[in-house]
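Beneath this line is the structure, given in structure tokens, with notes to follow.
Numbering starts at 1 and runs along the sequence shown.
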Amino acid sequence: MSSLISKYLPWLLVLLLRGGVAAAAAAAGGKKKVPAIIVFGDSSVDTGNNNFIPTIARSNFWPYGRDFADGLPTGRFSNGRLATDFISEAFGLPRTIPAYLDTNLTIDDLATGVSFASASTGLDNATAGIMSVISIAEQLGYLREYKERLRLSKLGEAGAEEIVGEALYIWSIGTNDFIENYYNLPQRRMQYATAAEYGAYLLGLVEAAVREVHALGGRKMDFTGLTPMGCLPAERLGNGDDPGQCNEEYNAVARSFNGRLRGELVPKLNRELSGLRLVYADTYDLFDAVVRKPVDYGFENAERGCCGTGLFEAGYFCGLGTSMQLCGNANKYVFFDAIHPTERMYSILADAVINTTLHVFL
């Protein structure tokens, strides 16, 4: 606990001042350093894109969104906002990041950022195919389309180039590649004998994706590491070696992947790509600390989700499960369903990432 405090305390001032920085810039009529936040990823950052595609990987129904502004579901896999929503607000941008596929969006909406993310997807196109969701290749295609839409709008060529060039690109993806694909289906295990070998393949996909965004003009990027995926309630339930406990093999895989991402790939890309400022956001240590000692962070339950039994329900099963059970106060829970964090946990993660990593872009 003390080591975490010492890690995050130096940047607490950034958190306290961030609203003032945005307000001061607005008062001075100055341009924001980051005019938009653009998001790639999975259900951790999908703000509703899956509402608009034919897949069962959805959350646009109650009780998801129960604690959102109007109490209505948006397609976010949580009771309220996601970490990227809180980050957007911290940068003086809208309180929520819209889903790119929402046809009601105006150019003004698009100009401050969008999420291309899709629940159940992964870096590996094969992962996206499991639930017929939006692959990372398709998400990159949306970025090209997005840039063209800006260019053809009132913003023009110069406006589009400025937004794309100065935007902050956030990546949150990779968990599904391991727990839904590699460990669940035989194809990738036949190709890659170990999770480490598969992880190296995934890192190659990360590199290719970052290079593509850079080629399109992106320069400010954050790649978020994996959380302790073995401690998700659903993975605790499925832990045959030690039922109810965290799957430490999965956690070790996450730490190994994060180590190579942070220690090898991020420095390499910063060296090789002109003007790139790519940062690695660590969420593993904080998430692990919360799960191990939830009471230290004001939580009462880190082993079950708020929805249903909290052990396996997610997506439509969460909607069905709530006919029997739903917690009264989601703020006491780390997880809202058996996979996804609550709004309060997302807020804690967002604050930590801002204070330790994203402050360089404020």
TODO: Could you check L326 against R66 for side-chain contact (heavy atoms from CB on, under 4.5 Å), going step by step and ending with a plain yes or no?
DONE: CA-CA 11 Å; L326 183 67; R66 184 187 73 174; 3.3 Å; yes
TODO: Output yes when a side-chain donor or acceptor of R151 lies under 3.5 Å from a complementary backbone atom of E157, and no otherwise.
DONE: no
Task: Any side-chain heavy-atom pair of I136 and L205 under 4.5 Å - done: no
Open item on the list: Before you tell me yes or no, could you show the steps for F361 and Y169 under ring pair (Phe, Tyr, Trp, His ring centres under 6.0 Å), namely the whole-Å CA-CA distance, both residues' side-chain angles and the distance that decides it to 0.1 Å?
Closed with: CA-CA 11 Å; F361 299 117; Y169 296 83; over 10 Å; no
Open item on the list: Tell me if a side-chain donor or acceptor on H214 pairs with a main-chain N or O of G275 at a distance below 3.5 Å.
Closed with: no
TODO: Using a 4.5 Å cut-off on heavy atoms from C-beta on, say whether the side chain of S118 contacts that of I53.
DONE: yes
Task: Within-4.5 Å side-chain heavy-atom neighbours: S78 and P341 - done: no
- [ ] Compute the centroid of each ring, for Y201 and then for Y192, and state whether the two points are separated by less than 6.0 Å.
- [x] yes
Task: Nearest atoms (heavy-atom pairs only) where T121 meets D42 - done: O-CB, 3.8 Å
- [ ] Give the C-alpha distance, both sets of side-chain angles, the deciding distance and a yes or no for side-chain hydrogen bond (donor to acceptor under 3.5 Å, both in side chains) between D177 and T127.
- [x] CA-CA 6 Å; D177 291 304; T127 305; 2.6 Å; yes
- [ ] State, yes or no, whether a side-chain contact exists between V334 and M345 at a heavy-atom distance under 4.5 Å.
- [x] yes
Task: K332 backbone acceptor or donor facing N301 side chain under 3.5 Å - done: no
Open item on the list: Once rounded to the nearest 0.5 Å, what's the spacing between atom CG of L286 and atom OH of Y297?
Closed with: 5.5 Å
Task: More than 12 heavy atoms from other groups under 6.0 Å of CD1 on I56 - done: no
Task: Test side-chain contact (heavy atoms from CB on, under 4.5 Å) applied to D285 and D288, T283, D282, the passing residue - done: D282
Open item on the list: I need the S153 OG to D108 CG distance, nearest 0.5 Å.
Closed with: 8.5 Å
- [ ] Quick one: closest heavy-atom pair of L105 and A99, and the distance?
- [x] CD1-O, 3.2 Å
Open item on the list: Are Y198 and F178, when compared by the centres of their aromatic rings, separated by less than 6.0 Å?
Closed with: yes
- [ ] Tell me whether F52 is reachable from L72 by hopping between hydrophobic residues (I, L, V, M, F, W, Y) whose side-chain heavy atoms are closer than 4.5 Å.
- [x] no
Open item on the list: What I'd like to find out is whether the side chain of I179 reaches to under 4.5 Å of the side chain of L232, using heavy atoms alone.
Closed with: yes
Open item on the list: Please identify which of these residues, F336, Y333, Y346, Y64, meets the side-chain contact (heavy atoms from CB on, under 4.5 Å) condition with N79.
Closed with: F336
Open item on the list: In this structure, would F68 and W62 fall into the same cluster of hydrophobic residues linked by side-chain contacts under 4.5 Å?
Closed with: no
TODO: Specify the closest pair of heavy atoms between P233 and A338, including all atoms of both residues, with the distance to one decimal.
DONE: CD-O, 3.2 Å
Task: Short side-chain to backbone donor-acceptor contact, D337 and G305, under 3.5 Å - done: no
TODO: Kindly give the heavy-atom pair with the smallest separation between T47 and I97, and that separation in Å.
DONE: OG1-O, 3.1 Å
- [ ] Sequence neighbours left out, what passes salt bridge (Lys or Arg N to Asp or Glu O under 4.0 Å) with E235? Give chain and number order.
- [x] none
Open item on the list: Please tell me whether N50 and T55 have a donor and an acceptor in their side chains that are separated by less than 3.5 angstrom.
Closed with: no
Task: CA sep, side-chain torsions, deciding dist, call: L358, F91, side-chain contact (heavy atoms from CB on, under 4.5 Å) - done: CA-CA 10 Å; L358 298 184; F91 274 80; 4.3 Å; yes
Open item on the list: Quick check on R304: does its CZ atom have over 12 non-hydrogen neighbours (other residues, nucleotides or ligands) under 6.0 Å away?
Closed with: no
Open item on the list: Working to the nearest 0.5 angstrom, can you tell me the gap between E212 CD and Q139 CD?
Closed with: 11.5 Å
Open item on the list: side-chain contact (heavy atoms from CB on, under 4.5 Å), that's the test. Do I38 and V213 meet it? Break it down for me.
Closed with: CA-CA 11 Å; I38 298 173; V213 174; over 6 Å; no
Task: Contact check, side chains of R144 and K147, non-hydrogen atoms, under 4.5 Å - done: no
TODO: Say whether, by atom type as modelled, one donor and one acceptor occur between the side chain of Y183 and the main chain of R189 under 3.5 angstrom.
DONE: no
Task: Spacing of M221 atom CE and N270 atom CG [to the nearest 0.5 Å] - done: 9.5 Å
Task: Common cluster, L203/Y284, ILVMFWY with side-chain heavy-atom separation under 4.5 Å - done: no
- [ ] Consider only side-chain N and O atoms of T106 and D109, and report whether a donor and an acceptor are under 3.5 Å apart.
- [x] yes
- [ ] Output, in order, the C-alpha distance, side-chain angles, deciding distance and verdict of side-chain contact (heavy atoms from CB on, under 4.5 Å) for N49 and S115.
- [x] CA-CA 8 Å; N49 285 308; S115 172; 4.1 Å; yes
Open item on the list: Main chain of K33, side chain of K220: is a donor-acceptor contact present, judged purely on distance under 3.5 Å?
Closed with: yes
Open item on the list: I'd like to check Y146 versus L216 (side-chain heavy atoms, cut-off strictly below 4.5 Å). Are they in contact?
Closed with: no
TODO: Among D67, D85, D46, find the residue that satisfies the salt bridge (Lys or Arg N to Asp or Glu O under 4.0 Å) test when tested with R76.
DONE: D85
- [ ] Kindly check if C307 and C327 bring their SG atoms closer than 2.5 angstrom.
- [x] no
- [ ] Working to the nearest 0.5 Å, report the span between CD1 of I170 and CZ of F223.
- [x] 12.0 Å
Task: Side-chain (E166) to main-chain (I163) donor-acceptor, under 3.5 angstrom - done: no
Open item on the list: Hydrophobic cluster membership, with links at side-chain heavy-atom distances under 4.5 Å among I/L/V/M/F/W/Y: are F61 and I339 in one?
Closed with: yes
Task: Non-hydrogen atoms of A128 and S135 that approach each other most closely - done: CB-CA, 3.7 Å
Open item on the list: Working to the nearest 0.5 angstrom, can you tell me the gap between R255 CZ and E248 CD?
Closed with: 6.5 Å
Task: Single-linkage hydrophobic cluster L168~L93, side-chain heavy atoms < 4.5 angstrom - done: yes
Task: Pair Y100-E145, side-chain donor/acceptor within less than 3.5 Å - done: yes
Open item on the list: Using side-chain heavy atoms (C-beta onward) and a distance below 4.5 Å, is F40 in contact with L143?
Closed with: yes
Open item on the list: Test your reading of the model: is there a side-chain donor-acceptor pair from T224 to the backbone of A281, 3.5 Å cut-off?
Closed with: no
Task: Where T342 and F335 come nearest, the two heavy atoms and their spacing - done: CG2-C, 3.5 Å
Task: Geometric cation-pi criterion R81 and F86, 6.0 Å radius, 45° cone - done: yes
Task: Main-chain N/O of G75 paired with S59 side-chain donor or acceptor, under 3.5 Å - done: yes
